[in-house]
Amino acid sequence: MIIGMGIVYLFLALLVWIIGVTARLVGTMAPEPTQIAKRSSLEVEKEEAELVAVIATAVERHSR
Amino acid sequence: MIIGMGIVYLFLALLVWIIGVTARLVGTMAPEPTQIAKRSSLEVEKEEAELVAVIATAVERHSR
Amino acid sequence: MIIGMGIVYLFLALLVWIIGVTARLVGTMAPEPTQIAKRSSLEVEKEEAELVAVIATAVERHSR
Amino acid sequence: MDALMQLWASTGLSNFQADQAVMMAVGFGLLYLAIKKEFEPLLLLPIGFGAVLSNIPMAGIAEEGGLLSYLYLGIKSGIFPLLIFMGVGAMTDFGPMLANPKTLLLGAAAQFGIFGTLFGALALNLIPGMSFTIKDAAAIAIIGGADGPTSIYVASKLAPELLGAIAVAAYSYMALVPLIQPPIMRALTTPEERLIEMAQLRHVSRLEKIIFPGVLLILTAMLLPSAAPLIGMFCLGNLIRECGVVDRLSKTAQNEMINVVTIFLGLAVGSKLSADQFLRTETLGILVLGALAFSFGTASGVLMAKLMNVISPENKINPLIGAAGVSAVPMSARVANKVGQESNPHNFLLMHAMGPNVAGVIGSAVAAGVLLALVQ
Amino acid sequence: MDALMQLWASTGLSNFQADQAVMMAVGFGLLYLAIKKEFEPLLLLPIGFGAVLSNIPMAGIAEEGGLLSYLYLGIKSGIFPLLIFMGVGAMTDFGPMLANPKTLLLGAAAQFGIFGTLFGALALNLIPGMSFTIKDAAAIAIIGGADGPTSIYVASKLAPELLGAIAVAAYSYMALVPLIQPPIMRALTTPEERLIEMAQLRHVSRLEKIIFPGVLLILTAMLLPSAAPLIGMFCLGNLIRECGVVDRLSKTAQNEMINVVTIFLGLAVGSKLSADQFLRTETLGILVLGALAFSFGTASGVLMAKLMNVISPENKINPLIGAAGVSAVPMSARVANKVGQESNPHNFLLMHAMGPNVAGVIGSAVAAGVLLALVQ
Amino acid sequence: MDALMQLWASTGLSNFQADQAVMMAVGFGLLYLAIKKEFEPLLLLPIGFGAVLSNIPMAGIAEEGGLLSYLYLGIKSGIFPLLIFMGVGAMTDFGPMLANPKTLLLGAAAQFGIFGTLFGALALNLIPGMSFTIKDAAAIAIIGGADGPTSIYVASKLAPELLGAIAVAAYSYMALVPLIQPPIMRALTTPEERLIEMAQLRHVSRLEKIIFPGVLLILTAMLLPSAAPLIGMFCLGNLIRECGVVDRLSKTAQNEMINVVTIFLGLAVGSKLSADQFLRTETLGILVLGALAFSFGTASGVLMAKLMNVISPENKINPLIGAAGVSAVPMSARVANKVGQESNPHNFLLMHAMGPNVAGVIGSAVAAGVLLALVQ
Ligand code: NA
Ligand code: NA
Ligand code: NA
């Protein structure tokens, strides 16, 4: 039991340390630009087309 | 063939009777409150967020 | 290699010819009516119901 | 040059056999019916395509190690038809039936089609060239239930070599419901009967809908365990639909899951449309019996409704909705509605016909259980 | 007449055994809890239904060749729990944990529940009628991790015959988190501690979120390969979610894929709820140990948070969020938030509690790896 | 203490072998390319992750009984690549090709890349350390088709031990299309040729689109049955898309089904990236040949277009669209469009390039059939 918990602690404590190191590295080397996740333009186009269709119908119905 | 149809009839006739009993039991013991099916709040939140996003975009586009 | 490319060419050239024949046959025998793809009315109903629900909510929220 | 000869020897042209060509034509015929005539396209399109694929010479797509042979395992194990049944359960609203449970008896009556066909199939053995075992006869009879997945499930258990013909017959006749049923319905009813208007259905509470699949499952477990896989998965789908707490499972069962399984099931059924199994006199017998089964089931449903009107003259039933007992959801309910509106355009029978319609699904599954218990 | 006798001999009624009836009742009980009490309905509904189906006499749905026997292969091979874990990974946001990595230690502390239970299970051997091997004990102990798929994965490797009881216990206690945890949390904290407000979480960049699953996987590969399947699939799901270039895969992993697998997994678990495997004194032991494991894990998390406050008094942690370390995402984080708001309605602990909550998932998987490495 | 030693002996650290570390690095390299460079991320992300998972020491994820070994069965049986091909069919619009069927010849020309590589691979045997059988050579050659699922399908039949390297090469070069193709295109065309504007495409009726997959399938059945599984499933997907009566199947085939299979296929391909199969001189040869095949195919397509302009000077073709014949849909069509707009920003070649682009998919499948017929 002690060994088991020991491993779990050791593992997660290591992870705490690594996360800290990573965060510092990321912070210095690649300060986050305020970018929006890119998506394949094909998908975006498709979704936009759908959205436009939904809205067009909505507006049309609403204005009846 | 007679046995076969007999079983089918027996089975479904029993079902008719049980449905009747159930309906009466449900009617007396738990008169239906006019409730809307609950869903996990997480799902609801997510859907609402999506809906709000859709509508926001719709309104924005519509007002252009 | 020559045999391989030969087969590929032969196959696709045949396809070119068949597509041409088909297009002519279709053009003469069944001039395209300007029809919209039919869909099972059940699906259409369902989608319309959803759309109406979305729009109703949108309008309601928008008018708050 | 050798390579050229090897290629030529591997072409379809040099290996085509007449019967494969015929079966490919059958496959394209099914595609035509599915696309142009909209005959149950969700199933007949993959079935027809599977028939074409499995009859391409030398390709071996339906032979051991080919794609369709793997997909067929999903039928052989019963997994595909049972998952379809679960999806159908998730799409079924038992409300109209629970509001008027008497309609279950109409769903029962329509199963006369099944048992009548059973005798018919056995009688066909008298004709030279036809030879059906009792198992074959039972598998064919189930076509009369007008229920695709049930037919496939029973055929895969009792007569796998007839599976292709039985599935094609079942789905074709389901598609032909609007042609086959109306004349029978008109012949067996008087104009006055067709005018009967039915009382509005009572409201069915959510609790009743949740309890029903459990009750049905218990009854099946006690009386007819051989129907338990079919009815069990159907009830699971319906419970997922009605319980209101697992909507995301319900959505998937009704859409993506059933769609994927439909494609696989159809292709696998098509792989059983090989020349040696389909181009036989027996297939003709199956097609004829299927048509008879449908007609017989339709008539039984209508007559049962008339009988019920005699027994309890208050709360009369429009006998047209008896025809919907053959299942073929929701096609036969629509047919009942349409024939009724020919007499009175303001008589809406659709919801009333949905009761016997979904009852017919249960009835077919029960009849399938009876056959499996007696014959297997 | 013979046919009638044959039919009667094939009915459930003539073959019902008392223990099957009891197990069907257990199945319906689980359905009741799932639907009426909303106890983890996504899993307990299929599990309960699977229990009912597999105990129908004569139907053989869970026996070799039956539907549930095929579905069980998905558990036996580990495929289903690992796919669920991938889906969970795709639904998990590690942001709150990355913003405050110290909370990982809370997730570690809560695993005391697992190892405490391990000893408890071995100690139960002293009671007559109980007999657990070390493998059984390890499989039971993992219930203390409050993580369904991890429990099922470990049980399928170490103690398949206990799988049903363990899965039911794991999901039931996850559902009972709102009842089990608050009294323990209140007992172990002072009113002042419950009022501690925590600093707002820093922003976590997208790059950190993308790197994290890779880092976690490397660490697992180096230190604990036995946890690599679980943590690997979890990291894959999370990477698919965070990388931003495969959104369509992410959507499917979070929805249709996990939904289908959930239905199959639940049914297959239910098929292990047979009378001879469930109606034993050991099951009682499992249920008692499960409750203890949960309580023990909750207490460890809270006490660990208090200890951390002693060690580093700046940036104090509200010890209530320590209870969220048991995983049971997002239920236990909500409980921590709710108990905190009893003291101060304007203290929003939810996001802070999500850190130990997702850390608990990793912690359980790590503990599972330790058990598999030591015991298998 | 014993337990500690046992745990240490089970860690990855104590068991790491240099080549496994290298392959994990290769896996992370693929993840980097997929995420950061957006190199075919849908496939390269799961492939890279699968490579990492399968090289974790002691975990045995790709060994018999491990998750990836089960997923690999989906490739070995051909099911996964064929389902992907069906999904691709459901996403493909043959309209531009049917409007201008001559572009099929461009798709044919680009397959020179395949057959050129075949000779190249056999020639490589002259270099010490390289040793390819005729089957290996054929499997490598198919990379020149720039079609992922076709490459995987052929490699799984002819050279399973090269599958990992071949799949990685195929998808990597597909991703590199925007870098590899433009210089070749510019070198082989005059500025005037790049300015050619093409007549607007005629309208293609729905009926033509429905008939086309059937025609293609019949031709394949007659001439090249060895290509029938690939082309058959492609045609099924396309028919489902175009027929208009099974939209729900079309939607599922294009989304959830292909997404799930993509994840599984990628992981399973990754499981073949083991050190002993990938870290060989042959892999270098495969990578070099793949690049050559691409370049050769691009050049053939462009030159074929120029030849066609010489033969029929009316209705000139812009030779840039010949480069799109390598398939890699829709990347290479976009490249053709982009290079064309460098000369004249108002010259929209995209739709014109989609013709040879989808023709290239058919061409690759036909070439695959030829190789399978000659070599297997
Ligand atoms: Na029926
Ligand atoms: Na946990
Ligand atoms: Na190609």
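Just so you know, these numbers come straight off a predicted model, no measurement behind them.
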TODO: Examine whether an atom of C:L15 lies under 4.5 Å from a heavy atom of chain F, and if so say whether it belongs to the side chain, the backbone or both; otherwise answer neither.
DONE: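 Both parts, backbone and side chain.
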
Task: Interchain contact, C:L12 with chain F, by part (heavy-atom threshold 4.5 Å) - done: both

Which atom names give the shortest non-hydrogen contact between [X] and [Y], and what distance separates them?
| X | Y | value |
| --- | --- | --- |
| C:A23 | F:E208 | CB-OE1, 3.2 Å |
| F:T220 | C:F11 | OG1-CZ, 3.4 Å |
| F:A109 | C:Y9 | CB-OH, 3.3 Å |
| F:G363 | C:V8 | O-CG1, 4.5 Å |
| C:I19 | F:M97 | CD1-CE, 4.1 Å |

Task: Candidates F:N100, F:T103, F:L104 - the one meeting side chain to side chain contact (heavy atoms under 4.5 Å, CB included) with C:V16 - done: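 It is F:L104, the one option of F:N100, F:T103, F:L104 that forms the side chain to side chain contact (heavy atoms under 4.5 Å, CB included) with C:V16.
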
Open item on the list: Nearest 0.5 angstrom please: F:L223 CG to C:L14 CG, how far?
Closed with: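 Rounded to the nearest 0.5 Å, the CG-CG separation comes out at 6.5 Å.
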
Open item on the list: Working to the nearest 0.5 angstrom, can you tell me the gap between F:L374 CG and C:I7 CD1?
Closed with: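 Rounded to the nearest 0.5 Å, the CG-CD1 separation comes to 7.5 Å.
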
TODO: Counting only heavy atoms closer than 4.5 Å, note whether F:I211 contacts chain C via side chain, backbone, both or neither.
DONE: side chain

Task: Proximity breakdown for F:A141 and chain C, heavy-atom pairs closer than 4.5 Å - done: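 For F:A141, no heavy atom lies under 4.5 Å from chain C.
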
Task: Most contacts with chain C, counted as non-hydrogen pairs under 4.5 angstrom, among F:V366, F:L105, F:L219, F:L216 - done: F:L219

